[in-house]
J.: 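Pasting in a structure now, in structure tokens, and then I'll have a few things to ask.
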Amino acid sequence: MHDAARLQILERQLAGVAQQMGAVLVRAALSSNIKERRDSSCALFTADGNIIAQAAHIPVHIGSMHHAVAAVMQHNPKPGEVWITNDPYAGGTHLPDITAISCVLHDRVLMFTASRAHHADVGGRFPGSMSIHAARIEDEGVRILPIRISSQGNVNDDAVSDIVRAMRQPQERRGDLLAQLASLEVAHRRLPRLIDSWGGKSGFETSCSLLVDYGRRRAAAMFSNLEAGSGTAMLQLELPPQLPESEIRCSVTLSGDGIVVDLSGSSQQLAASYNCPRPVTEAAVWFVVRSLFDPELPTSGMRAEFVDIRTNPGTIVDAQYPAAVAAGNVEVSSAVVDVVMDAIAKFRDVPAAGQGTMNNMIIGNENFNYYETIAGGQGASSLGDGPSAIHVAMTNTLNTPLEALESSFPLKALKYAIRRDSGGSGKYRGGNGVVRTLQVLEPCTVSLLAQRRRTGPPGRAGGGAGKVGEQFIDNEAVSGMGSYEVSAGSVIEIRTPGGGGWGTP
Amino acid sequence: MRETGTDTSIYASFPVRQSTKYMLFLQVFRSAEQINHDILIGVDVGGTFTDAVAVFDGRIYVRKTLTTPDQADGAMQALSCVLCDLGSRQTNVRVRFAHGSTVATNALLERKGARTVALFSENFTDILEIGRQTRESLYRPNNAKTPPIVSAASTIGVSTNVDLTELVSQIVSAKAESVAVCLLRSYLDHTVEAELVQQLRTRLPDLHIVASCELTQEFREYERASTTTIDAFLTPVVAPYLRKIGNRAVAAGIDSPLVMQSNGGLGNLVDAQSHAAKLVLSGPAGGLIAAQKICSELDFDQMTCMDVGGTSCDVAVVQPGELSRNPDRKVSGLPLQLAMVDIHTVGAGASSIVWMDKAGALRVGPNSAGSNPGPAAYGRGGKQCTITDCHVVLGNLEHTSLQHWNVSLDVAAARRAVASLISEPEPSDDEVESLAASAIAVVCTNMAEAVGEVTIARGLDPASIPLLAYGGAGGLHACAIADALGCRTIVIPYLGGVLSAFGLSVAPQRRELSRTVVDESETETLSWMVTTAKSLHKGVDARIEIACDIRYSGQSHSLSLVYCALNSSYEFSAGDAQAALDDCRARFADQHRANFGHTLDAAIEIATVRVSLVNDVPTATLQDSVLAEHRTLESTKRNTTIFDLPNGTVLMPQHWAVSKEVSGCIVLEHRA
């Protein structure tokens, strides 16, 4: 058969395995986070730990998961075992994202399969385990160093119990972990036959290396067609007042061989959760590369040889123990996207900034945890208006249907609407944000974690900025970075930022 | 191939209009005791062909005509042709005319519906535009979202104390032809919504007005609103078509047609005219009914079925009993919260375009050459290489029944199209053939992965399930796909090219109502079930079927379990309802383990209950059926046997063998 066809066939088959893993995870899961919002991702890795297939789920998960696989590999996992970890310093993103990794051995071919899901709580000091009040990783919940929880299909119930006991709603956590194991099982069932069909070890490995070469060629072709250039940009993070001013500094050099993204001049890590583990930073840079240069770039083309990311350990883009990381994963990662886009915009046509935040909202008490990331406006581009009410960068989670949240949680929906005229003006308008208003029916803690509350997402080529995000508790404006104790009957309203406009109106 | 003894063999010619080719073959089957005195006719309208199948007196009659711009013309033509074939046998018998149509599907795909105004709850008028807040393509964040059926400008927010006069004047000034009403939380209590619709109907008698609760009583406001607006948008354009075909049928002396609904049951014409959203999968549903029949006749627990046409490949899993439904389906980028057959569609078919990407990978689809210009080999001006051209280059279609359809194959054009993908100026025959074979392997992978979506992703192992391949190009790809899936049994029906029409002819009638029951007491559920069964029943001789979407408390995705049908000769009681729920609960844990490999120590809850009235057609068995006219030609190339059935070519590599011909099907088994 033609090599050209082998590539397509193997790529499609492996991506199919990852997709089917994801489908099983969503269908078996218990928490709204996974089953409604689909905050989860699945991928396959070769024996040397390189990603070879993914299901297109959440960008921040996918660009970072190979580091978690590498961390588990250090423990010499055996075929048929399942390991889990959420360690942000070893390939994790933030503690709620727990990754289950298993190794499949068939005909001496070793592959790793991974399933990552955002758990609604991991036992942090505040419900949802994503508060900005965390100063150290210990405040954010249980840090699970790589541990074996299942072997040859036998789940180690004691190990699972030890882990979930420290978390809120342990039964739900257990159910979600089992759903992750069910998704890995899909690959266990399929891969042996798939490997056989490629002629066992030699045939399969040859074909995989063809696929890796193909990815490399795609990436090389992509860069060789781009015009060289360089640019710098800086983005100040919006932080609570007690924290020092911090910024991400970025310089980008694009050449025919690849791109250098130097973030080493960024600020020191903070005694708060605005710290990005390096895998998350990498995922953000890759998101920019893929969306600006080739949205169809195959997973196997995501190779470090083309994208040289430079960071200094101990900075907000390369967090080290004991830095807290929850906001780093969701918010600083969005800022990394914006600053890299900005630097590239110095020499290329790039869309205006999108909302630049996930507008994280966590409402909960000891009985329940509701977590939502709220969409906003996307920036306009030289081709047209920015879409409204959409996730723009490192996440793509679904909203929780209002009728689902009312039936699962003591909450009542009062309003959910497009925030009209919040997108920046321009020849092409930025997309509009949304307004989401909820009433709590029990005393709760409300935690908000957001950016773009002081400066709206900037426009480009003369376009205006999008409106800043706003939030109100009982009609009183509050900060977008804080935790609030509210009584039954309180009303929380979030208005998310609009995207920047493009071109002079 | 087995020789066939037939009592009749007809290849007669009938006067048909130019450009309308026909073909006819008879199939004899020994009917069971319950000889049905009705003539059962199914007419299925597809993109290229309109097929009619008639089942009568132990025989199956088939007609194939070209689809006409107004689907009703082609449908009536196919119908009258097949009635003509029946000849004198049709005196004094009733005709049951079942129709599968793509009118609703096409109107939705092309966005050609009625001018629609949506009424949503105040403060929630943007739910369609927000949708689920996601982007369709992860790395194309600037791509526009799929525009909703009704724009924000045509959406009106209504509060509990709405001024009706004002509302009516707003609707009138928007020049609305149709109105969709979907209020937040109406799945829990639809009194307000239903009353509002009632009042609007009184004041605006000429408009089509639909309430969400008339279509679905399930949670998730965006999906329910989308469903309601789609229904409002489609119904005013689909209803006239249905009325027309009804009138023409009556004029031809037969009853109005029954219409295939997306749920796999036939509905009466009046119901179909009132809710066109229930018809968007009317086309492919018929094929699944036939597949289900074949599945039970061959005594399989399950079959994976695959309908391979020109532009797309539809896959599904069937089992005897109820068809699987998928409540999470999108059509044309829009969700529909209706019970619909669980079909997964990918853009891979015989006319899919083969191309080479920037880094030298051979790709197939999703673009298609369609039927016009079609593959290069059709000689209608197509230049791009398609899968059909690859088969032509390999000689797989030399004896094809395509000739019946007046298509002669231009081999040179096919070769040019394939060669255009090779960078060398004068590629050898070997190179061209190798590329063609590779492209076919790629498209088969795409189809096999589609099968994975309906099996592996649902906890089923496709290797252990027989594969039913039909549609014009099913037999060409069946063995390759089965090999990719590890599947060892393939079933290819004689009627493969017209299976949807056959399915229509033998499909049951079905009326169904569903309700989310999570937030109510069991007493309420039971009483709703009893009332619903009674209201559906209305003295019809049919059975009641109960299906439960059931899950662990806390899950959102349910498993659907069916409580086997109750004969309705007696009253459906609260006791029956209770038995149905208990039965589903009792079977849930096993089903969960089968699908996901584990069970949970959590409460079980029933999310949705569906009550259906099913009127089965007592049809004869296909068991001893044989082809009346054996058209099989066999040849062998590259260790592959090629044989032709009346409506499609079958490629069978050496490691496969025909194991038997039974129930109107050829069964292939993997050797060793």
Side-chain angles (χ1 to χ4, degrees), chain A residues 1-2 4-5 7-9 12-13 16 20 23-24 26-30 35-36 56 59 171-172 175 178 182 185-186 189-190 193 197 214 217-218 221 290-291 295 351 354 375 378 381 383-384 386-393 396 398-399 401-404 407 413-418 434, chain B residues 123-127 129-135 137-145 152 184-185 187 219-223 356 358-363 434-435 437-439 441-442 445-446 449 452-453 456-457 459 461 463 483-484 486 518-519 552 554-557 596-598 600-602:
Chain A
M1 191 190 304
H2 258 250
L7 293 174
Q8 253 302 290
I9 292 170
R12 185 72 192 85
Q13 286 179 335
Q20 290 146 15
V24 165
V26 166
R27 291 170 78 88
L30 290 181
K35 66 189 188 182
E36 294 287 352
Q171 281 308 324
E172 191 179 285
L178 288 176
E185 188 55 34
V186 170
R189 272 188 253 158
R190 258 204 91 180
R193 197 162 62 230
S197 75
Y214 166 67
R217 278 203 310 280
R218 279 283 292 266
R290 292 178 92 170
S291 52
Q378 170 63 307
S381 72
L383 300 174
S388 297
I390 198 166
H391 271 311
V392 301
N396 196 31
L398 280 68
N399 53 14
L402 303 171
E403 291 172 350
S407 102
L414 301 183
K415 182 171 186 174
Y416 190 30
I418 302 274
V434 302
Chain B
N123 291 329
F124 301 98
T125 51
D126 294 329
I127 42 179
E129 195 178 336
I130 298 172
R132 295 304 297 272
Q133 82 176 6
T134 46
R135 51 189 194 269
S137 171
L138 209 50
Y139 297 104
R140 297 180 197 276
N142 279 79
N143 277 12
K145 290 164 119 172
L184 193 66
R185 308 177 190 99
Y187 79 103
F219 82 121
R220 292 193 179 114
E221 65 283 354
Y222 164 61
E223 285 76 2
M356 196 71 84
K358 285 179 257 175
L362 189 64
R363 314 274 286 265
S434 151
L435 188 89
S438 299
V442 170
T445 305
N446 293 347
E449 289 306 323
E453 295 287 311
I456 298 161
D461 179 4
D483 285 340
V518 195
D519 296 295
Y552 283 118
Q555 289 179 323
S556 277
H557 294 265
F596 302 118
H598 67 272
L600 291 176
D601 187 16

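So you know, we letter chains A, B, ... as the sequences are listed, proteins then strands, and number each from 1.
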J.: Main chain of A/Leu402, side chain of B/Glu221: is a donor-acceptor contact present, judged purely on distance under 3.5 Å?
T.: yes

J.: Using heavy-atom distances under 4.5 Å, tell me whether B/Tyr222 contacts chain A through its side chain, its backbone, both, or neither.
T.: neither

J.: Restricting to non-hydrogen atoms, name the atom on B/Tyr187 and the atom on A/Ser407 that form the minimum distance, rounded to 0.1 Å.
T.: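 Heavy atoms only, the tightest pair is OH-CB, 4.0 Å.
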
J.: When only pairs under 4.5 Å are counted, which of A/Pro351, A/Gly354, A/Gly175, A/Gly384 shares the most heavy-atom pairs with chain B?
T.: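 Top count of heavy-atom pairs under 4.5 Å with chain B: A/Pro351.
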
J.: Between A/Glu403 and B/Arg220, is there a donor-acceptor pair closer than 3.5 Å when you use the side chain of the first and the backbone of the second?
T.: yes

J.: Heavy atoms only: give me the nearest B/Gln133-A/Ala375 pair and the separation to one decimal.
T.: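 Reported closest heavy-atom pair: OE1-N, 3.1 Å.
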
J.: What part of A/Ala404 is in contact with chain B, defined as an atom under 4.5 angstrom from a non-hydrogen atom: side chain, backbone, both or neither?
T.: both

J.: So, for A/Pro387 and B/Asn143, which heavy atoms are closest and what is the spacing to 0.1 Å?
T.: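 What the structure gives for the nearest pair is CG-O, 3.4 Å.
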
J.: Under 4.5 Å, counting heavy-atom pairs only, tell me which of A/Leu178, A/Val434, A/Val186 racks up the most with chain B.
T.: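 Between A/Leu178, A/Val434, A/Val186, the count favours A/Leu178.
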
J.: When rounded to the nearest 0.5 angstrom, what is the spacing between CZ in B/Arg363 and CZ in A/Arg12?
T.: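 Rounded to the nearest 0.5 Å, the CZ-CZ separation comes out at 11.0 Å.
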
J.: What part of A/Ala393 lies closer than 4.5 angstrom to a heavy atom of chain B: side chain, backbone, both or neither?
T.: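 For A/Ala393, backbone heavy atoms alone lie under 4.5 Å from chain B.
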
J.: Contact part of A/Ser197 toward chain B, heavy-atom cut-off under 4.5 Å: side chain, backbone, both or neither?
T.: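 Neither part; nothing is under 4.5 Å.
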
J.: What distance separates B/Asn446 CG from A/Ile9 CD1, expressed to the nearest 0.5 Å?
T.: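 The CG atom of B/Asn446 sits 8.5 Å away from the CD1 atom of A/Ile9.
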
J.: Looking at side-chain heavy atoms only, is the closest gap between B/Asn142 and A/Leu383 below 4.5 Å?
T.: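 In short, these two side chains do not touch, never coming nearer than 4.5 Å.
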
J.: Could you look at A/Arg218 and say if it's the side chain, the backbone, both or neither that has a heavy atom under 4.5 Å from chain B?
T.: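 Contact with chain B: backbone and side chain both.
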
J.: Picking from B/Ala152, B/Ala484, B/Ala602, B/Ala361, which has the most non-hydrogen pairs under 4.5 angstrom with chain A?
T.: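 Ranked by contacts with chain A, first place is B/Ala361.
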
J.: I'd like to know if the side chain of A/Asn396 and the backbone of B/Leu138 have a donor-acceptor N/O pair within less than 3.5 Å.
T.: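 Absent.
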
J.: Minimum heavy-atom separation for A/Gln378 to B/Pro141, with atom names?
T.: NE2-CB, 3.0 Å

J.: For the pair A/Asn399 (side chain) and B/Gly131 (backbone), establish whether a donor and an acceptor sit closer than 3.5 Å, ignoring hydrogens and angles.
T.: yes

J.: What residue, out of A/Ser388, A/Ala221, A/Ala28, A/Gly386, has the most heavy-atom pairs lying under 4.5 Å from chain B?
T.: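 Most heavy-atom pairs under 4.5 Å with chain B: A/Ala28.
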
J.: Testing the basics here: between A/Gly16 and B/Glu449, what is the closest heavy-atom pair and its distance to 0.1 Å?
T.: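 Where A/Gly16 meets B/Glu449 most closely, the heavy atoms are CA-OE1, 3.3 Å.
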
J.: As an exercise: rank B/Thr445, B/Ile127, B/Leu184 by heavy-atom pairs under 4.5 Å with chain A and give me the winner.
T.: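 Going by pairs under 4.5 Å, I would pick B/Thr445.
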
J.: For a quick test of reading the model, state the closest non-hydrogen atom pair linking B/Arg135 to A/Val392 and the distance between them.
T.: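 Reported closest heavy-atom pair: NH1-C, 3.4 Å.
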
